Protein chains: 2
Amino acid sequence: MRHEFKKKSKVLLIDDNYEHLVGIRELLNLEGTFDVVGIATNVTVGLNLIKKYSPDIVLLDMNMPDKDGLQGIIEIGKLESDTKVLALSGYDDADLIFRAMKIGAKGYVLKTMASAQLIYAIEEVLAGKIYLPLALSSRFFEYFQQSFREETSKQETDEENLLSYLTQREEEVLELLTQGITYKGVANKLFISETTVKTHVNNIFQKLQVNDRTQAVLYAINNGFLSKKVKLGV
Amino acid sequence: MRHEFKKKSKVLLIDDNYEHLVGIRELLNLEGTFDVVGIATNVTVGLNLIKKYSPDIVLLDMNMPDKDGLQGIIEIGKLESDTKVLALSGYDDADLIFRAMKIGAKGYVLKTMASAQLIYAIEEVLAGKIYLPLALSSRFFEYFQQSFREETSKQETDEENLLSYLTQREEEVLELLTQGITYKGVANKLFISETTVKTHVNNIFQKLQVNDRTQAVLYAINNGFLSKKVKLGV
DNA sequence: CTTTTTCTAAACCGATAGGTTTAGACCATA
DNA sequence: TATGGTCTAAACCTATCGGTTTAGAAAAAG
């Protein structure tokens with residue numbers, strides 16, 4: 001796609017390192033297809049510039065002293081603008097990459113990367129895609145999978161999941177308990193008497209080794225009983 | 001890395017489509033660097049073959065009639081072997097890709113892809129990397145970000161988060177309630193009287209617009225009060 | 001064809017929870 | 001200084017919860 005009237009993309013730079021800031025601006029200006037509408041050395045100023053210029057993309061440094069980059073991404077997201085965020089960082093910290101992508105960064109590039117790659121990343125993000133260099137992408141996935149390994153290890157590997165001892169009916173009752181419903185309410189929903197509900201609930205308490213409904217609900221939530229509602233489903 | 005005594009990698013294929021199965025086996029045999037140690041048309045048989053041959057990698061079809069592929073990945077993971085799973089599918093369903101990667105697949109390739117790309121994917125996974133074709137990787141990230149947008153929208157965007165009306169002391173009390181502690185227990189932990197706790201709790205109920213402790217705990221959990229413990233932290 | 005499990009239900013009782021009112025002490029802000 | 005919010009606390013009462021025992025009917029397992 002190369003035609004003469006192509007509109008330049010508006011770019012904003014936020015980085016506490018002023019030299020780096022100017023360096024990137026020069027680079028992008030030389031490229032000719034970008035219009036650097038502003039630069040800022042902190043997030044607060046950057047946010048104001050975004051409101052003023054509505055850039056297409058913001059290059060946002062992750063490692064800054066005052067407000068950190070993650071908070072910056074969140075606040076840019078709250079603006080409800082179409083501004084895309086490309087995260088910049090000196091380190092390939094898996095956790096940082098994961099968090100940045102989680103809260104809406106459209107890409108993540110290292111400062112050590114070749115300028116051509118930076119340009120490519122910007123273009124990809126501007127085209128609506130998500131850009132992660134292969135090396136970072138790998139780290140991201142490792143971290144991603146590890147997060148869920150820890151999370152699911154309790155539920156699936158666990159052979160002592162007391163929830164598995166519950167009968168079908170008891171599960172139904174527990175399900176209603178986790179909605180904060182009283183004995184009377186459960187009885188009505190299941191078309192059984194209140195005393196029957198109490199019997200089930202007492203059996204549930206014994207099986208889950210808890211003393212009251214709140215603890216039962218907490219056990220249920222922390223052991224995968226309600227995973228679909230509380231977390232991302234498997 | 002090319003030396004004559006390179007050991008062939010053991011590959012296992014699981015796919016309910018027998019023709020496809022044989023086709024891939026032929027392809028891999030022709031390649032010369034792979035040793036297809038077994039093929040199976042369902043997960044159950046496949047699991048037994050994995051136990052028997054300890055393959056380096058399993059190509060696992062996601063769309064099968066009996067046990068589906070996701071369950072297959074989980075069960076292969078439970079074997080605690082070093083066998084890696086490369087997911088195969090006819091569809092680039094974002095949700096399916098996300099789930100497969102979440103539970104431990106090392107890669108995901110479409111059946112429609114060129115055979116050279118399949119070979120490349122297998123080699124990458126065998127080398128300990130994670131392989132997602134660019135197109136799927138994009139879909140994955142979109143889905144990934146969308147999942148968390150939904151999850152965080154209630155907590156962060158929400159200006160009607162009733163939790164924000166709680167005083168510090170009330171938050172402390174609620175925190176203890178979410179651990180399933182009684183009035184008496186809370187009183188002891190906070191070094192205040194039981195009646196004081198009851199006063200705080202009643203105020204909490206009114207502010208959160210709920211009727212009992214279980215509902216209060218559920219509200220707290222579903223609105224970010226306990227996010228660090230229940231979900232992945234931001 | 002027994003035996004066990006599950007689901008149903010009642011009666012009884014004490015403990016806890018929840019609702020309401022009132023009130024003193026402290027602190028900050030108007 | 002006065003006003004409002006917070007934290008503390010008590011007294012009172014009712015509703016609900018939780019523990020225990022007992023038991024019949026139906027279904028599943030042996």
Side-chain angles (χ1 to χ4, degrees), chain A residues 158-226 229, chain B residues 158-226 229:
Chain A
D158 197 1
E159 318 218 338
E160 287 180 28
N161 193 330
L162 301 176
L163 288 170
S164 62
Y165 298 139
L166 297 183
T167 66
Q168 276 194 358
R169 201 53 160 174
E170 285 160 0
E171 284 185 4
E172 290 180 64
V173 173
L174 180 55
E175 158 100 44
L176 294 173
L177 285 194
T178 59
Q179 294 171 30
I181 303 179
T182 64
Y183 286 157
K184 214 170 278 179
V186 175
N188 287 332
K189 291 229 174 196
L190 297 183
F191 304 108
I192 55 181
S193 90
E194 200 179 331
T195 56
T196 303
V197 176
K198 290 173 70 172
T199 307
H200 286 311
V201 170
N202 267 295
N203 290 334
I204 291 172
F205 289 166
Q206 286 184 8
K207 288 184 179 177
L208 300 188
Q209 296 167 20
V210 297
N211 302 311
D212 55 54
R213 52 200 305 127
T214 307
Q215 289 175 10
V217 168
L218 289 170
Y219 186 93
I221 290 174
N222 287 322
N223 290 82
F225 191 71
L226 280 185
K229 290 167 193 170
Chain B
D158 197 0
E159 317 218 338
E160 285 181 29
N161 193 332
L162 302 177
L163 289 170
S164 62
Y165 298 139
L166 298 183
T167 66
Q168 277 193 359
R169 202 53 161 174
E170 285 160 0
E171 284 185 4
E172 291 181 62
V173 173
L174 180 54
E175 158 102 42
L176 293 174
L177 286 193
T178 60
Q179 295 169 30
I181 302 179
T182 64
Y183 286 157
K184 214 169 278 179
V186 175
N188 287 331
K189 292 230 172 195
L190 296 183
F191 303 108
I192 54 180
S193 89
E194 200 180 330
T195 57
T196 304
V197 176
K198 289 171 72 171
T199 307
H200 286 311
V201 171
N202 267 296
N203 290 333
I204 292 171
F205 290 166
Q206 285 184 9
K207 289 184 178 177
L208 300 188
Q209 296 167 20
V210 298
N211 302 311
D212 55 54
R213 54 201 301 128
T214 307
Q215 289 175 9
V217 168
L218 289 171
Y219 186 92
I221 290 175
N222 288 322
N223 290 82
F225 191 72
L226 281 184
K229 290 167 193 170

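Numbers restart at 1 for each chain; the letters A, B, ... are given by sequence-line order, proteins then strands. Treat the numbers as computed from the prediction; the structure is a model and nothing was measured.
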*Taking atom C1' of C:dA15 as reference, at what distance in whole Å does atom OH of B:Y183 sit?*
13 Å
*Go through the steps to decide whether A:D212 and A:Q215 satisfy the test side-chain contact (heavy atoms from CB on, under 4.5 Å), and finish with yes or no.*
CA-CA 6 Å; A:D212 55 54; A:Q215 289 175 10; 3.5 Å; yes
*Any B:T195 side-chain nitrogen or oxygen under 4.0 Å from OP1 or OP2 of D:dA10*: yes
*Specify the closest pair of heavy atoms between A:V217 and A:T178, including all atoms of both residues, with the distance to one decimal.*
CG2-CA, 3.8 Å
*How would you label the contact of A:K198 with the nucleic acid (heavy atoms, under 4.0 Å): base, sugar-phosphate, or nothing?*
base
_By nearest atom, which of the nucleotides D:dC17, C:dG18, D:dA10 is closest to the B:R213 side chain?_
C:dG18
*Between C:dG19, C:dA9, D:dC7, which nucleotide has the shortest distance from any of its atoms to the side chain of A:T196?*
C:dA9
*Hey, what do you get for CD1 (B:I221) to CD1 (A:I221), rounding to the nearest 0.5 Å?*
4.0 Å
_Interatomic distance where CZ belongs to A:F205 and P belongs to D:dT20 [whole Å]_ = 12 Å
*Would you kindly give the CD-to-C1' distance between A:E194 and C:dC12, to the nearest whole Å?*
15 Å
*Counting side-chain heavy atoms from CB outward, which of C:dT6, C:dA9, D:dT16 is closest to A:T182?*
D:dT16
*In whole angstrom, what separates B:H200's NE2 from D:dT8's P?*
4 Å
*Minimum side-chain heavy-atom gap B:T167-B:N203 below 4.5 Å*: no
*Atom pair distance, as rounded to whole Å: CG in A:N202 and P in C:dT8*: 15 Å
_Separation of atom CZ in A:R169 from atom C1' in D:dA27, rounded to whole Å_ = 14 Å
*Passes side-chain contact (heavy atoms from CB on, under 4.5 Å), B:H200 versus B:T196? Steps please.*
CA-CA 6 Å; B:H200 286 311; B:T196 304; 3.7 Å; yes
*asked:* Quick check: on DNA chain C, is the nucleotide nearest A:D212 upstream (toward 5') of the one nearest A:F191, or the reverse? Name the residue that is more 5'.
replied: A:F191
_Whole-Å gap separating C1' (D:dT8) and CG (B:L190)_ = 12 Å
*asked:* Does D:dA10 have OP1 or OP2 under 4.0 Å away from a side-chain N or O of B:S193?
replied: yes
*Tell me: CD of B:Q206 to P of C:dT20, nearest whole Å?*
7 Å
